[in-house]
Amino acid sequence: MTLKFEIIAKDSSTKARLGRIHTPHGSFDTPAFMAVGTRGSVKGLTPDMLHQAGCQIILGNTYHLMLRPGSEVVRDLGGLQQFSGFNGPMLTDSGGFQVFSLSDLRHFDCDHVVFKSHIDGSAIRLGPVESMKIQHELGADIAMAFDDCPPADCPPERLAESMDRTIRWAGICREEHEKLDPENRQALFGIVQGGTNPDQRLRCAESLIAMDFDGYALGGLAVGEGHDRMIATIDHAAPLLPESRPRYLMGVGYPVDILEAVKRGVDMFDCVLPTRNGRNALAFTSTGPIRLRNSQYIRDMNPLDASCDCMCCRQFSRGYLRHLFAVGEMLGPTLISLHNLRFFQRWMLDIRQAIRDNHGSMLVAPGSM
RNA sequence: UCCGCGGUAGCUCAAUGGUAGAGCAAUCGGCUGUUAACCGAUCGGUUGUAGGUUCGAAUCCUACCCGCGGAG
């Protein structure tokens, strides 16, 4: 076992737990928020900035990196950490979500998905075997099983079919991972699907637990089902997963979503929200979102968030930040991405402190978001 | 002074006799395992001015105003 999950404290009034995960490239605290570095880069930010923001672990993506530069190139350049210059734990997503989100012109072919590359239109054939090989070459600390992510409100028959596929693929991933990685340097997480259907979630969770993964993810949420149904699904599904293994809610989310999931026993999160919204001029702050394009900030000399300790808030006025977006200067997206990541990491610090203090139920998401 | 070209949204320009449009700018909104420094909405016009021809004119005619180029 190359990944060690240490539970340090539990909150008595919720299911929240405080922990630490140890990997070959270092450790990170849980509950954890992972910045998304799809193509081997968290857009606009250097590894130094990521460390400044408090990011302990970041993501890469199988699909994007297999297209460019190719997993063999990443391997030959020393693996994802050395390639990207991020000195810390990393996780690669399996490409399952891209199959879902790039769903135009795709079809299933035995245990593969065939779809068109968004770059040159060429046919891409991806399945659990390929995903495991690619993720092994990328060499992140944690690899994810290749899953089939059904859309929100998937009809019952199609959902059941999708679950069969996810479960079967998880088994193939488990076997391939063992074969490819005899020294077991990478951890492998399984992904529980099932939409908002409790029976399917249960069936998928039980099947994957029997395969003994290093951690378990909840996938297929925040895909349009709505906040309440998402929380209800987490409420049901998270406790199905083994206490001793990390639980990862994929693709989530807003600070309030993270809080509600932590209270239900989730340990890891990732989301593009801080970086994508940061590039698009939306800053998360302790008093609510600030849309920096808005004209009301033209002459605003206040810092973005007086309670924030990031470089952006210590040195620049809202008026200047607005100016950067108004004229399209690349520093704008960089600074707000940095700020938003710092905001999310400070939120995770607050969450972890509350669990340590056994005050988990008292937490309120900052800025009502 | 003459000749030519032009004047349409804040800017750059479409529309050649038949419902004046686009891009950018401006204003606002959206973004949840990144096809996204992206996407969407809104705002925006007495078509240089004044006449005329026509059922109908940004479009054709006349005069004038302004700009650019050329000639002298």
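Just so it is clear: chains get the letters A, B, ... in the order the sequence lines come, proteins before strands, and each one is counted from 1. All heavy atoms count here, side chains included; hydrogens, waters and symmetry mates do not. Since the structure is predicted, the reported quantities are computational estimates derived from the model, not experimental observations.
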Rounding to the closest angstrom, what is the interatomic distance between [N] and [M] at atom [atom1]?
{"N": "B:rU46", "M": "B:rA9", "atom1": "P", "result": "9 Å"}
{"N": "B:rU59", "M": "B:rG52", "atom1": "P", "result": "14 Å"}
{"N": "B:rU19", "M": "B:rG4", "atom1": "P", "result": "31 Å"}
{"N": "B:rU54", "M": "B:rU62", "atom1": "C1'", "result": "16 Å"}
{"N": "B:rA50", "M": "B:rA15", "atom1": "P", "result": "25 Å"}
{"N": "B:rC38", "M": "B:rA25", "atom1": "P", "result": "10 Å"}
{"N": "B:rC61", "M": "B:rA41", "atom1": "P", "result": "40 Å"}
{"N": "B:rC39", "M": "B:rG17", "atom1": "C1'", "result": "39 Å"}

Have a look at [X] and say if it touches a base, only the backbone sugar-phosphate, or nothing, with a 4.0 Å heavy-atom cut-off.
{"X": "A:Ser295", "result": "sugar-phosphate"}
{"X": "A:Thr275", "result": "base"}
{"X": "A:Gly332", "result": "nothing"}
{"X": "A:Asn61", "result": "sugar-phosphate"}
{"X": "A:Arg322", "result": "sugar-phosphate"}

[X] side-chain proximity, nearest of [options]:
{"X": "A:Met330", "options": "B:rA37, B:rU32, B:rG30", "value": "B:rA37"}
{"X": "A:Val252", "options": "B:rU32, B:rU27, B:rG33", "value": "B:rU32"}
{"X": "A:Leu282", "options": "B:rA37, B:rU32, B:rC31", "value": "B:rC31"}
{"X": "A:Leu59", "options": "B:rG33, B:rC31, B:rU35", "value": "B:rG33"}

Whichever of A:Gly220 and A:Pro333 has its nearest RNA chain B nucleotide further upstream toward 5':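 Between the two, 5'-proximity favours A:Gly220.
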Position toward the 5' end of RNA chain B (nearest nucleotide), A:Ala326 or A:Ile191: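 So the residue in question is A:Ala326.
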Proximity of [X] and [Y] rings by center, below 6.0 Å:
{"X": "A:Tyr63", "Y": "A:His118", "result": "yes"}
{"X": "A:Phe325", "Y": "A:Tyr297", "result": "no"}
{"X": "A:His51", "Y": "A:Phe86", "result": "yes"}
{"X": "A:Tyr216", "Y": "A:Phe189", "result": "no"}

State whether the distance check finds a donor on one side and an acceptor on the other, under 3.5 Å, for side chain [X] versus base [N].
{"X": "A:Arg276", "N": "B:rG33", "result": "no"}
{"X": "A:Arg291", "N": "B:rG30", "result": "no"}
{"X": "A:Asn294", "N": "B:rC28", "result": "no"}
{"X": "A:Asn280", "N": "B:rG30", "result": "no"}
{"X": "A:Gln193", "N": "B:rG33", "result": "yes"}

To the nearest Å, give me how far apart [atom1] ([X]) and [atom2] ([N]) are.
{"X": "A:Leu273", "N": "B:rC38", "atom1": "CG", "atom2": "C1'", "result": "14 Å"}
{"X": "A:Lys116", "N": "B:rU35", "atom1": "NZ", "atom2": "C1'", "result": "14 Å"}
{"X": "A:Ile58", "N": "B:rU34", "atom1": "CD1", "atom2": "P", "result": "13 Å"}
{"X": "A:Met250", "N": "B:rG33", "atom1": "CE", "atom2": "P", "result": "10 Å"}
{"X": "A:His64", "N": "B:rU35", "atom1": "NE2", "atom2": "C1'", "result": "7 Å"}
{"X": "A:Asp147", "N": "B:rG33", "atom1": "CG", "atom2": "C1'", "result": "8 Å"}
{"X": "A:Leu102", "N": "B:rG33", "atom1": "CG", "atom2": "P", "result": "13 Å"}
{"X": "A:Glu225", "N": "B:rU32", "atom1": "CD", "atom2": "C1'", "result": "9 Å"}

Base-pairing string, 5' to 3', of RNA chain B - Watson-Crick or wobble, under 3.5 Å, | interstrand: (((((((..((((....[..)))).(((((.......))))).....(((((..]....)))))))))))).
Atom CZ of A:Arg158 with >12 non-hydrogen neighbours under 6.0 angstrom: no
For A:Phe269, all residues meeting ring-ring contact (aromatic ring centres under 6.0 Å, His included), sequence neighbours excluded: none
Any A:Gln98 side-chain nitrogen or oxygen under 4.0 Å from OP1 or OP2 of B:rG33: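 Indeed not, no polar side-chain atom of A:Gln98 lies that close.
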Residue-phosphate contact under 4.0 Å: A:Tyr63 side-chain N/O, B:rU35 OP1/OP2: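 No, outside the criterion.
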Side chains of A:Asp111 and A:Trp169, donor plus acceptor under 3.5 Å: yes
Side-chain donor-acceptor contact under 3.5 Å, A:Arg39 with A:His64: no
Contacts of type side-chain hydrogen bond (donor to acceptor under 3.5 Å, both in side chains), residue A:Arg314, not counting sequence neighbours: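 Here no residue qualifies.
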Partner of A:Arg17 under side chain to side chain donor-acceptor pair (under 3.5 Å), chosen from A:Thr30, A:Asp267, A:Asp11: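 Per the side chain to side chain donor-acceptor pair (under 3.5 Å) rule, the option paired with A:Arg17 is A:Asp267, out of A:Thr30, A:Asp267, A:Asp11.
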